[in-house]
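We name chains A, B, ... by the order of the sequence lines, and we start the count at 1 in each one. Just so we're clear, the structure is a prediction, and the values are computed from it rather than from any experiment.
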Amino acid sequence: MPRPNDEVAALLREQAELIAIVGGDAFKARVYEKAARSVAGYQADVSTLDIKGLRQIPNVGASIAEKILERFQEGRIAELEALRERVPAGVRRLMQIPTLGPKRAMMLYQDLDIASVEQLSTAIGDGRLRGVRGFGPKTEQNLLAGIELLRTAGQRLLASAALELAEELIASLRPLAARIAYAGSLRRMRETVGDIDILVAAEDSAPVMGAFAQHPVVGSVIARGETKTSIRTATGTQVDLRVVPEQAWGAAMVYFTGSKEHNVRIREIAVRKKLKLSEYGLFDVDSGELLAAQTEEEVYGRLGLPWIPPTLREDRGEVEAALRGELPELVAERDLRGDLHTHTDLTDGVATLAEMLDAAAARGYGYYAVTDHAPNLYMQRMSDQKMLAQREQLRALADSYPKMAVLHGTELNIDPEGEVDWPPEFLAGFDVCVASVHSHFTQDEAAMTRRLVRACENPYVNIIGHPTARMIGRRPPVEADLDEFFRAAAGTGTALEINAYPDRRDLSDEHVLRAKRFGVKFAIDSDSHAVGHLDVMRYGIGTAQRGWLEAADVINTWPLRELRAFLRKGR
DNA sequence: GCCGTTTTCGGCCCGACTGTTTTCAGTCG
């Protein structure tokens, strides 16, 4: 996805929020939001479009097209600047606290002069919210819990944002480096990262260090030395650049990829063999002789280990498995034959059915399921007629994709009792049914467990979508007896989703590890709402690998015949 | 501010939950 689109989308989203905060027309705010989503999901680079081209984008009319043009011609949008004058940035940030929306954020600012999350936290502690209209004791508790959630996860960056930044920096520095790559938790594909580590091999470190320190994303240079430069971006992300000699590349990659715990384990193995492992290489303790450093394979090899994939390097048993020669053959993106959870503009997607199918076919998929929302997610205004009309349209388009089977599915809503939207006779018409929790997240554990188990027991439900409904940094996972849930999924032939969306990653890697022990099968899905979202699969693969999955565990790596047999669910 | 097989004005994503109220505003999906 072209970056200018993301930037414009962020500006439009900001304008939408600011309109809502200052109490502007709610419909107007909504249009800006919709336009932001359309721009983010639009194929063409908006910075290359003229007024006419911009107006082709859904939900972009004369006014918003002008503003986008203004952004690229003037470097700013005057109306947005004027709104920013009225609302401090911290007030907007207050809205990131779950349960705090635009109205009460503005009230806090106007009545109590609270303009940051920190100030709100202090104000609650001082009892300054007592007696303020709309803020009772329960609200105070909820706000404090929300602030805590922000504080713990909010400091970290989603892997998607980190990867984008890392790839941009690497692209610009590559001409100055013999070798360059990112390491750290990003290479291990954790959900979030605290900072970004970039490793460079170069004879002379000065040119690459200089270029790095002067890169446009740099807000401030924290430290600058011979082998390491640290910067902070304007948005607060720390990036460390380390330069090593090319002959030490492998040892440095091992060292800087971590995790710390993994490194401790392999260093112990080295010590037992009278070796010493550092970022400069693997050495014989007695003679000081360098034994291996050039590649990771060599380093692991001299320790008596096979190369261990970065996504496993968490000291969760990978060293022992490697010693036994029992490392899993991890599922990889190239193993995926299709995507089983995607949306179109029939509900909340921004691309048409044909656009999504084209993009899926271009990825070389052997099958692809369209699973728009079902009627009980009321805001989507789904109906039997609309769903059947889509099926007809889809069957008609299927001939255009001789190499890709086009499956018609839906994403059902699991209601508090575990029931879903349609009766069996209607569900029977779908090729695949995803079912997800979209509301009533706070049921107690027993009720939530029963709800999820019942959904698995439904003979038409094939995949439980984003099974814990968590949003990273926004909403905790639902409380349920996961072991019972996983047992039910395995027993009923219901796959559990690894939703690849970067702020979901749901199931998480820990849950995948646990579920696999029950014999659960998984579906790695993009949950795409736009053409560009099909690429988020890499994060789903990251989570699957971190959960030690092999291709056989993942139903959308299977040939179509086998997949279809699984989807029949013994019916 | 956008949109149109209800078309240039008058609608627009609907319903439920939470926590606050004492009949409802705010937030969420």
Notebook entry, point to check: With sequence neighbours excluded, what pairs up with A:Lys521 under the salt bridge (charged side-chain N to carboxylate O under 4.0 Å, His left out) test?
Noted result: none

Notebook entry, point to check: Of all residues at least two apart in sequence or in a different chain, which pass the salt bridge (charged side-chain N to carboxylate O under 4.0 Å, His left out) check with A:Arg71?
Noted result: A:Glu7

Note to self: Which residues in residues 342-352 of chain A have a heavy atom closer than 4.0 Å to any atom of DNA chain B?
What the structure shows: none

Return all side-chain donor-acceptor pairs below 3.5 angstrom for residues 21-33 of chain A, not counting sequence neighbours, or 'none' if the list is empty.
from    : atom 1 : to      : atom 2 : distance (Å)
A:Asp25 : OD1    : A:Phe27 : N      : 3.0
A:Tyr32 : OH     : A:Lys67 : NZ     : 3.2

Check: Can you tell me if the side-chain N/O atoms of A:Thr139 get under 4.0 Å from OP1 or OP2 in B:dT18?
Finding: no

Item checked: Point-to-point distance, once rounded to the nearest 0.5 Å, from OG1 of A:Thr347 to NZ of A:Lys386 -> 8.5 Å

Item checked: Nearest-nucleotide comparison on DNA chain B, the residue closer to the 5′ end among A:Val60 and A:Thr442 -> A:Val60

Next item on the list: May I have the distance from A:Phe27 (atom CZ) to B:dG1 (atom P), rounded to whole angstrom?
Entry: 15 Å

Check: Which residues pass the side-chain contact (heavy atoms from CB on, under 4.5 Å) test with A:Ala374, sequence neighbours left out?
Finding: A:Thr410, A:Leu412, A:Asn413, A:Asp421, A:Trp422

Next item on the list: Calculate the interatomic distance between A:Lys386 atom NZ and B:dC14 atom C1'; express it in whole Å.
Entry: 12 Å

Item checked: B:dC9 versus B:dA16 - spacing of their P atoms, nearest Å -> 36 Å

Check: Among the nucleotides B:dT18, B:dC2, B:dT20, which one has an atom lying closest to any side-chain atom of A:Asn59?
Finding: B:dC2

Notebook entry, point to check: In whole angstrom, what separates A:Phe135's CZ from B:dT21's C1'?
Noted result: 14 Å

Margin query: Between B:dC13 and B:dC2, how many Å separate the two P atoms, rounded to a whole number?
Written below: 15 Å

Check: Which of these nucleotides, B:dT18, B:dA16, B:dC2, is closest to any side-chain atom of A:His440?
Finding: B:dA16

Check: Expressed in whole Å, how much space separates the C1' atoms belonging to B:dC17 and B:dT23?
Finding: 16 Å

Next item on the list: Determine which nucleotide pairs with B:dT8, using a 3.5 Å limit on both distances of a Watson-Crick or G-U wobble pair.
Entry: none

Notebook entry, point to check: Measuring from A:Ser160:OG to A:Leu165:CG, what's the distance to the nearest 0.5 Å?
Noted result: 11.5 Å

Please tabulate, one pair per line, all N/O donor-acceptor pairs under 3.5 Å involving side-chain atoms of residues 80-89 of chain A, not counting sequence neighbours.
from    : atom 1 : to      : atom 2 : distance (Å)
A:Glu81 : OE2    : A:Arg84 : NH1    : 3.2
A:Arg84 : NE     : A:Glu14 : OE2    : 2.7
A:Arg84 : NH2    : A:Glu14 : OE1    : 2.8

Identify every side-chain donor-acceptor pair in residues 449-468 of chain A under 3.5 Å, counting partners at least two apart or on other chains, and give the distances.
from     : atom 1 : to       : atom 2 : distance (Å)
A:Thr449 : OG1    : A:Glu445 : O      : 2.6
A:Thr449 : OG1    : A:Asp481 : N      : 2.8
A:Arg451 : NE     : A:Ile414 : O      : 3.3
A:Arg451 : NE     : A:Asp415 : O      : 2.9
A:Arg451 : NH1    : A:Ser439 : O      : 3.3
A:Arg451 : NH1    : A:His440 : O      : 2.8
A:Arg451 : NH1    : A:Gln443 : OE1    : 2.8
A:Arg451 : NH2    : A:Ile414 : O      : 2.7
A:Arg451 : NH2    : A:Ser439 : O      : 2.9
A:Arg454 : NH1    : A:Glu419 : OE2    : 3.0
A:Arg454 : NH2    : A:Glu419 : OE2    : 2.8
A:Asn458 : OD1    : A:Tyr460 : N      : 2.8
A:Asn462 : OD1    : A:Cys433 : N      : 2.9
A:Asn462 : ND2    : A:Leu567 : O      : 2.9
A:His466 : NE2    : A:Glu411 : OE2    : 3.4
A:Thr468 : OG1    : A:Asp506 : OD1    : 2.9
A:Thr468 : OG1    : A:Asp506 : OD2    : 3.3

Notebook entry, point to check: Which value, in whole Å, describes the distance between the C1' atoms of nucleotides B:dG1 and B:dT8?
Noted result: 14 Å

Check: How is A:Ala62 classified with respect to the nucleic acid when contacts are heavy atoms under 4.0 Å: base, sugar-phosphate, or nothing?
Finding: sugar-phosphate

Next item on the list: Report yes if a side-chain nitrogen or oxygen of A:Asn142 is closer than 4.0 Å to either non-bridging phosphate oxygen (OP1 or OP2) of B:dG19; otherwise report no.
Entry: yes

Checklist line | Length of the line joining A:Arg30:CZ and B:dG10:C1', which is rounded to integer Å | finding: 15 Å

Notebook entry, point to check: Expressed in angstrom and rounded to an integer, what is the separation of A:Lys34 atom NZ from B:dC12 atom P?
Noted result: 11 Å

Checklist line | Charged N-O contact under 4.0 Å between A:Arg505 and A:Glu191 | finding: no

Note to self: Can you measure A:Leu143 atom CG to B:dT20 atom C1' for me and round it to whole angstrom units?
What the structure shows: 13 Å

Notebook entry, point to check: In whole Å, what is the span from the CG atom of A:Leu83 to the P atom of B:dG1?
Noted result: 11 Å

Note to self: Whole angstroms only, please: what is the NZ-C1' distance between A:Lys67 and B:dC2?
What the structure shows: 12 Å

Margin query: For A:Ala62, give me all partners under side-chain contact (heavy atoms from CB on, under 4.5 Å), at least two apart in sequence or on another chain.
Written below: A:Arg55

Checklist line | Distance between P atoms of B:dT20 and B:dA25 (Å, rounded) | finding: 16 Å

Next item on the list: Assign a letter to each nucleotide of nucleotides 23-29 of chain B from its 5' end: B, base within under 4.0 Å of a protein heavy atom; S, sugar-phosphate only; -, no contact.
Entry: ---SSSB

